[in-house]
Amino acid sequence: MGQTLTEKILDDHLVEGELEPGEEIGIEIDQVLTQDTTGTLVWLQFDALDLDNVQTEVAAQYCDHQTYQFDFKNTDDHRFLRSAAGKFGAHFSRPGNGICHNVHKENFAAPGKTMLGSDSHTPTPGGMGELAIGAGGLDVAVAMGGGAYYIDMPEVVNVRLEGELPEWATAKDVILELLRRLSVKGGVGKIFEYTGPGVETLSVPERTTITNMGTELGATSSIFPTDEKTEEYLEAVGRPEDYEAVAPDEDAEYHDEIVVDLSDLEPLIAEPSMPDNVVPVSEVEGTDVDQVMVGSCTNGAYEDILPAAKMLEDREINKTTEMIVAPGSKQASEMLAREGWTAEMMAAGVNFSEATCGACIGNGHVPASDSVSLRTFNRNFEGRSGIEDDSVYLCSPEVATAAALKGEIVDPRDLADEMGDLEDPGFELGDNYVGVSSSDLITPDEAVDDELIKGPNIGDVPLKDPLPADLAGDVLLKMPDNITTDHISPANADVLMYRSNIPKLSEFTLTRVDETFPERALENDGGLLLAGENYGQGSSREHAALCPMYLGIDAVLAQSFARIHKANLFNFGIVPLTIDEDTYEDIDQGDSVEIVDDVAEAVRSGQEEFTIRVDDDWEATANLDASEREREILADGGKLTHVKQQYESDD
Ligand code: MIC
Ligand code: SF4
């Protein structure tokens with residue numbers, strides 16, 4: 001039986017286990033990326049593990065999420081990250097040089113390699129045949145030190161692309177269509193592998209828009225085979241030697257198949273406030289739009305902004321709508337500027353931003369109250385833009401620009417009819433990539449620091465005690481389905497500066513759900529959390545496990561968990577137990593829950609079913625789905641302690 005492309009790459013990197021769906025496998029990691037808001041913990045933990053040097057082929061530290069440096073604490077974080085990259089041997093991408101996924105794609109991503117990144121959109125270079133996975137910072141630190149990365153072998157799904165995109169439909173509409181069909185939970189435990197005749201009609205930047213937003217499906221990763229389009233892209237970015245032909249075997253067997261006929265697609269849009277609330281743009285036509293933003297790691301490439309620039313040439317945006325363009329990399333900005341497109345867009349009324357994540361997590365360009373913002377981003381979770389009750393829609397640059405011209409949501413096909421002279425700008429690969437300057441991307445050889453530089457806000461990583469025999473506590477919060485990591489540990493400007501100060505950051509834990517939570521947790525000396533399906537979807541931020549741990553949370557009872565968050569719960573010694581819907585319905589906030597068994601013993605011995613006793617009154621079953629390795633991590637009180645003990649016993 002032939003292999004899928006995913007299986008081939010995993011086979012080449014396999015250090016433990018077998019490629020059977022659901023089985024835990026250990027793989028070797030070739031490349032690592034980390035960014036500023038998760039990177040501080042990555043390096044603090046790398047240091048706490050007494051690791052000396054990066055062992056992967058490539059490790060890159062980007063500064064992209066909080067480049068406005070509103071507070072000295074952000075700037076201190078960046079200085080610390082530069083010093084850590086210098087000391088331990090990673091590339092350092094300066095604040096303003098661009099978003100990790102964009103800069104990595106342009107400079108390092110390569111077919112056939114494995115990558116781990118402390119950001120959930122790490123799978124972006126899947127569009128170039130790299131198998132890239134998002135993870136918590138501690139997993140990234142261990143991989144960077146040469147340790148294997150462990151994951152349950154996902155199911156591989158064939159997404160067969162047929163036909164060709166019609167006018168005004170784009171790569172963004174391909175992934176919005178999948179979100180419409182499969183929902184934000186549809187990809188959990190899966191890798192989406194793209195095949196079929198439609199693949200060759202898409203260029204690398206279009207493919208990476210799709211693989212980037214595979215994360216919103218909950219997928220472990222997404223990947224395309226390589227071909228002339230990949231060669232053409234690597235040639236354009238000046239790295240033709242990195243090309244490698246990678247493809248599935250012709251008789252590869254997939255777990256499932258989904259067919260998308262590109263020629264059937266039309267401009268789509270995700271309505272507030274979930275990326276899977278997708279409808280045709282024509283259905284929401286006429287909605288007034290106050291703000292339009294083009295950029296982010298999904299649509300921030302030169303090739304994403306060029307269509308917007310072409311649509312704006314010799315035109316002006318509507319007076320009631322603000323339009324901001326935030327390129328994904330400085331390289332994209334430079335190319336747009338060299339070709340005169342920046343001036344063209346500015347003349348049309350566009351406000352040009354530095355290359356940053358910024359507004360995507362509510363840092364700058366916060367929408368006005370009771371207003372509509374149309375963004376080319378990948379997430380529109382409630383409140384993420386920096387204001388509660390926001391109305392953020394997600395769409396392609398073409399749909400966003402059409403709205404900026406008209407001042408309301410409009411299907412660009414209708415706008416083209418109305419205007420008469422508006423043409424579909426189409427796709428064009430940049431032919432003026434100039435390469436990033438060596439002071440914007442500092443190589444390990446050119447490092448300027450060899451000691452860690454810590455400001456007063458940079459603290460240690462707290463540790464948890466080993467799992468006790470008795471585990472009981474009050475349910476401090478009952479939450480619905482699809483709670484995001486943005487709910488658990490928000491990423492807005494006033495909070496982000498504490499990413500390396502856990503005691504302070506913990507004060508913001510779950511306050512978006514209930515303002516009193518952190519205080520109650522401390523007063524109560526900890527407790528348990530209760531949630532519905534897909535708990536912890538969204539970001540890779542391990543802070544969403546570490547802060548609850550710091551506040552004394554010992555276990556989370558949920559109907560199901562998002563992949564990265566579940567791994568982070570293990571890593572910080574919090575027991576993730578699944579319960580069925582009836583049990584979820586029957587437990588109330590404030591109830592006391594006791595795990596009847598000797599928890600430490602049961603976890604270590606491989607017990608899967610646990611009896612929970614609620615309010616000393618009734619009993620139900622909760623399940624622990626964990627590998628032997630995860631059980632040991634839990635029992636030891638978290639991965640930092642566990643790995644340290646392992647290193648010590650190896651010496
Ligand atoms: C996000 O898009 O939510 C982030 C901000 O990039 C996060 C990382 C973080 O919280 O720092 C992610 O996606 O992992
Ligand atoms: Fe940055 Fe937004 Fe992409 Fe996260 S999703 S990496 S915040 S641009």
Side-chain angles (χ1 to χ4, degrees), residues 33-42 61-68 74 77 81 93 95 98-105 116-125 132-137 139-140 175 184 208-209 211-216 218-219 275 293-301 304 326-329 332 353-365 375-386 392 394 484-493 495-500 505 508 536-547 562-565 567-568:
L33 77 70
T34 175
Q35 39 91 336
D36 48 357
T37 53
T38 53
T40 43
L41 279 190
V42 169
Q61 170 63 59
Y62 299 93
C63 296
D64 48 0
H65 282 65
Q66 184 32 307
T67 62
Y68 297 123
N74 304 128
D77 278 351
L81 295 172
S93 176
I99 304 175
C100 52
H101 311 301
N102 299 63
V103 183
H104 200 86
K105 173 171 84 178
L116 200 68
S118 63
D119 191 280
S120 64
H121 291 99
T122 300
T124 306
I133 302 176
D139 287 331
V140 169
I175 191 65
V184 290
T208 54
T209 292
T211 47
N212 170 281
M213 221 173 150
T215 296
E216 277 46 66
M293 291 213 61
V294 174
S296 91
C297 60
T298 318
N299 281 124
D304 294 307
S329 69
S353 150
E354 66 183 72
T356 184
C357 291
C360 182
I361 37 169
N363 287 309
H365 303 296
R375 301 175 164 205
T376 66
F377 304 174
N378 46 32
R379 290 184 170 149
N380 58 348
F381 302 142
E382 191 184 12
R384 182 173 161 99
S385 66
V392 176
L394 308 173
T484 71
T485 45
D486 280 335
H487 290 107
I488 309 172
S489 183
N492 308 138
V495 182
L496 264 195
M497 65 181 112
Y498 299 116
R499 282 283 178 98
S500 48
L505 187 68
F508 300 89
Q537 68 156 331
S539 142
S540 68
R541 65 190 72 141
E542 57 195 338
H543 309 78
L546 183 48
C547 292
R563 178 187 66 86
I564 307 180
H565 187 61
N568 285 334

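As the structure lists them, so they are numbered: ligands from 1, and atoms in each ligand from 1.
- In this structure, Arg541 CZ and Asp119 CG are separated by 9.0 Å, a value rounded to the nearest 0.5 Å.
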Problem set entry | Criterion side-chain hydrogen bond (donor to acceptor under 3.5 Å, both in side chains) on Asp77 and Ser500, from CA distance to verdict | CA-CA 8 Å; Asp77 278 351; Ser500 48; 2.8 Å; yes
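- The CG atom of Leu394 sits 4.0 Å away from atom CG of Asn380, with the distance rounded to the nearest 0.5 Å.
- Any protein N/O/S atom under 2.8 Å from atom 3 (Fe) of ligand 2 was counted, giving 1 altogether.
- When all heavy atoms of Leu496 and Thr37 are compared, the pair lying nearest together is CD2-CG2, 3.5 Å.
- Heavy-atom separations between Glu216 and ligand 2 are all 4.0 Å or longer.
- Listed as neighbours of ligand 1 are Gln35, Thr37, Thr38, His65, Asp119, Ser120, Ile361, Arg379, Arg384, Arg499, Ser539, Ser540, Arg541, each bearing a heavy atom under 4.0 Å from the ligand.
- Aromatic ring orientation, His104 versus Tyr62: perpendicular (interplanar angle above 60°, classes split at 30° and 60°).
- Here CG of Asn299 is found 8.0 Å from CG of Asn212. Values are rounded to the nearest 0.5 Å.
- Residue His65 holds its NE2 atom at 12.5 Å from CG of Asn74, rounded to the nearest 0.5 Å.
- The ligand atoms of ligand 2 that sit less than 4.0 angstrom from a heavy atom of His65 are 1 (Fe), 4 (Fe), 6 (S), 7 (S).
- For the atom pair His121 NE2 and Met213 CE, the distance stands at 7.5 Å (nearest 0.5 Å).
- Taking CG of Asp64 as the start and SG of Cys100 as the end, the distance is 4.5 Å to the nearest 0.5 Å.
- In the model, Gln61 has no side-chain atom that pairs as donor or acceptor with a side-chain atom of Ser93 under 3.5 Å.
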